[in-house]
Amino acid sequence: MKVLKFGGTSVGSVENMRAVMQLIADGNQKLVVLSAMSGTTNSLVEIANYLQKKNKDAARQVISHLEQKYYQVVNVLYNSSEKKTKGKALVSEIFQTIKSFTSGEFTEVGENTIIAQGELLSTALFTELMLENGYKTVYLAALDFMKIDKDKAADSHYIRENITKALLKSEPADYYITQGFICLNADGEIDNLQRGGSDYTATLIGAAIDSEEVEIWTDIDGFHNNDPRFVENTKKIDQLSFDEAAELAYFGAKILHPQTVLPAKLQNIPVRLKNTMNPGDAGTLITATSSGQGIKAVAAKDKITAIKIRSYRMLNAYGFLKSIFEIFEFFKTPIDMISTSEVAVSLTIDNTKHLNEIVSELKEYGEVEVDTELTIVCIVGDLIAEETGFAANVFTALKEIPIRMISYGGSRHNISVLVKTELKKQTLNALSNNLLNA
Ligand code: ADP
Ligand code: ASP
Ligand code: MG
């Protein structure tokens with residue numbers, strides 16, 4: 001059975017929800033993962049932020065605005081008065097849950113519960129739409145099978161076991177509808193796979209049910225060779241390897257949540273990126289096969305912090321790197337880029353939750369310098385070491401840009417450069433003009 005995921009814009013209006021219904025209802029059994037309607041998760045995050053700051057009036061205002069929006073959706077989404085009544089009851093119940101957090105202490109569970117309501121709304125409303133139109137459809141509760149462990153990593157064994165049970169238990173159907181993004185955590189509380197996480201839900205489910213293909217339907221015709229939000233004239237890529245797509249997603253290509261590729265790669269399940277507004281286009285196919293040598297695309301990851309440690313002990317100090325890495329390991333802070341010299345090491349992180357503790361421990365080993373508001377620009381392709389010219393072409397393209405750090409050789413798929421965030425747009429455009437489209 002194929003898994004199809006539709007993002008926020010794809011279900012962002014009544015018209016688009018109807019388009020999704022037409023698109024999926026071809027008689028082939030499938031499992032459909034939906035995001036929240038576009039804008040909803042942002043509003044829910046806003047509500048949670050207000051409640052955290054004890055600004056209950058502001059929270060209530062956003063809640064009321066959002067609730068009205070959903071009643072309007074229900075009014076036009078369904079034809080029959082019976083379904084309109086059912087839709088209103090669904091919306092009212094969900095908003096009761098949200099409102100229940102406007103009194104009493106506000107906790108992290110409250111926050112995660114509020115943020116989860118967007119996907120619960122979209123899937124409940126969409127299931128009723130399918131049923132009203134006569135399609136054999138079953139609603140699956142993602143919280144019955146999606147789970148992360150204590151390190152917030154997906155628990156694939158649990159997911160496989162429990163989605164299998166959920167499918168066996170449910171009525172047979174042509175279309176199974178479930179929520180992206182939301183899950184339970186190791187304590188059995190409601191949690192999520194981080195912003196944009198519905199893509200990851202889709203490949204996790206694809207792997208759990210041994211799907212033949214996962215399709216990610218969005219608002220653009222596939223993976224482009226540069227970020228269309230910052231660069232004009234980007235071009236769609238027809239095919240990418242799992243490794244190339246994983247690097248691009250990890251280093252900021254918003255079209256895919258950073259962890260989406262791994263479950264598909266592990267089980268060799270093709271992932272296809274498609275445009276809901278232009279379903280005729282073949283999109284981008286991601287498989288184990290490389291589509292040939294050379295540079296394919298670039299992506300950028302913001303909010304990067306660089307840390308430079310200059311060793312007190314200077315020359316021949318073995319054990320220096322090990323001691324440094326242990327500090328990052330202790331604080332569960334992943335390192336993205338790293339670059340060393342005889343006496344110093346520079347590295348980058350994006351999770352700064354424990355930055356102060358990390359810096360104070362690093363100071364035992366050397367002088368520490370911290371630099372913020374940086375961006376990693378990642379150049380991806382099949383860059384085999386025997387070929388010459390890849391690095392030269394990248395650096396020629398970037399000859400006007402001050403580069404803070406370089407990483408090359410870690411994998412055959414990636415050259416990364418670190419620049420000031422204020423230079424990101426210029427960097428991406430320089431790569432487009434002088435490298436990708438040259
Ligand atoms: P969805 O809500 O469907 O998950 P997203 O907004 O998360 O959609 O992802 C799609 C958006 O990603 C596109 O509209 C585009 O602006 C942005 N994007 C960033 N980098 C790329 C890229 N390399 N290729 C295609 N889209 C990209
Ligand atoms: N609705 C969630 C978000 O906006 C998850 C997703 O869209 O993938 O982040
Ligand atoms: Mg997304």
Side-chain angles (χ1 to χ4, degrees), residues 4-13 16 19-20 32-46 48 66 112 114-123 142 146 178-183 191-205 214-238 240 244-261 271-278 281 283-284 286 295-302 375 377-381 424-425 428 431-432 436:
L4 278 70
K5 175 257 170 176
F6 291 87
T9 319
S10 304
V11 292
S13 65
N16 288 3
V20 171
V32 177
V33 175
L34 299 184
S35 293
M37 295 180 80
S38 52
T40 297
T41 311
N42 284 348
S43 299
L44 295 170
V45 168
E46 201 185 350
L66 193 63
N112 286 338
I114 290 179
I115 293 171
Q117 301 306 314
E119 272 70 14
L120 293 169
L121 275 164
S122 64
T123 48
M146 291 304 296
T178 197
Q179 302 82 42
F181 181 56
I182 66 173
C183 60
D191 211 318
N192 61 65
L193 302 172
Q194 309 293 323
R195 294 303 305 270
S198 300
D199 303 327
Y200 191 29
T201 305
T203 52
L204 285 168
I205 291 181
V214 174
E215 297 179 359
I216 310 254
W217 291 79
T218 183
D219 58 2
I220 188 165
D221 55 355
F223 222 118
H224 279 222
N225 63 356
N226 205 328
D227 193 324
R229 294 168 300 172
F230 302 98
V231 176
E232 282 175 24
N233 306 323
T234 59
K235 292 200 182 83
K236 189 194 80 175
I237 306 167
D238 294 329
L240 281 171
E244 291 165 342
E247 296 271 10
L248 288 163
Y250 183 75
F251 286 106
K254 191 187 175 229
I255 187 165
L256 282 185
H257 176 278
Q259 282 147 295
T260 308
V261 178
V271 177
R272 201 180 274 281
L273 307 183
K274 299 266 296 175
N275 188 349
T276 310
M277 288 78 196
N278 184 16
D281 192 287
T284 299
I286 303 169
I295 289 165
K296 311 268 168 58
V298 304
K301 183 172 172 179
D302 293 332
T375 293
V377 174
C378 174
I379 298 114
V380 166
K424 165 173 128 171
K425 192 168 173 185
L428 291 176
L431 289 166
S432 245
L436 299 167

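Every number for a ligand or one of its atoms is a count from 1 in the order of the listing.
- Of all the heavy atoms of I220, the ones lying under 4.0 Å from any atom of ligand 1 belong exclusively to the side chain.
- For the residues H257, K5, Q179, E119, the heavy atom positioned nearest atom 5 (C) of ligand 2 is part of E119.
- Residue contacts with ligand 1, taken as heavy atom pairs separated by less than 4.0 Å, do not involve M37 at all.
- Applying the 4.0 Å criterion to heavy atoms of T41 picks out, from ligand 2, the atoms 1 (N), 2 (C), 3 (C), 4 (O).
- Among protein heavy atoms, atom 3 (C) of ligand 2 sits closest to R195 NE, 3.3 Å.
- Among the candidates I216, I205, V214, the single residue satisfying the side-chain contact (heavy atoms from CB on, under 4.5 Å) test with V33 is I205.
- T375 and D302 share a side-chain donor-acceptor pair at under 3.5 Å.
- Contacts between S198 and ligand 2, counted as non-hydrogen atom pairs separated by less than 4.0 Å, involve both the backbone and the side chain.
- Under 4.0 Å from ligand 1, not a single heavy atom of T234 appears.
- H224 and D221 share a donor-acceptor pair across their side chains, judged by distance under 3.5 Å alone.
- Checking only distances, H224 does come within under 3.5 Å of ligand 1, N or O to N or O.
- Between K236 and D281 there is a salt bridge, since at least one side-chain N of the basic residue sits less than 4.0 Å from a carboxylate O of the acidic one.
- Annotation: atom 7 (O) of ligand 2 to nearest protein heavy atom, S35 OG, 3.2 Å.
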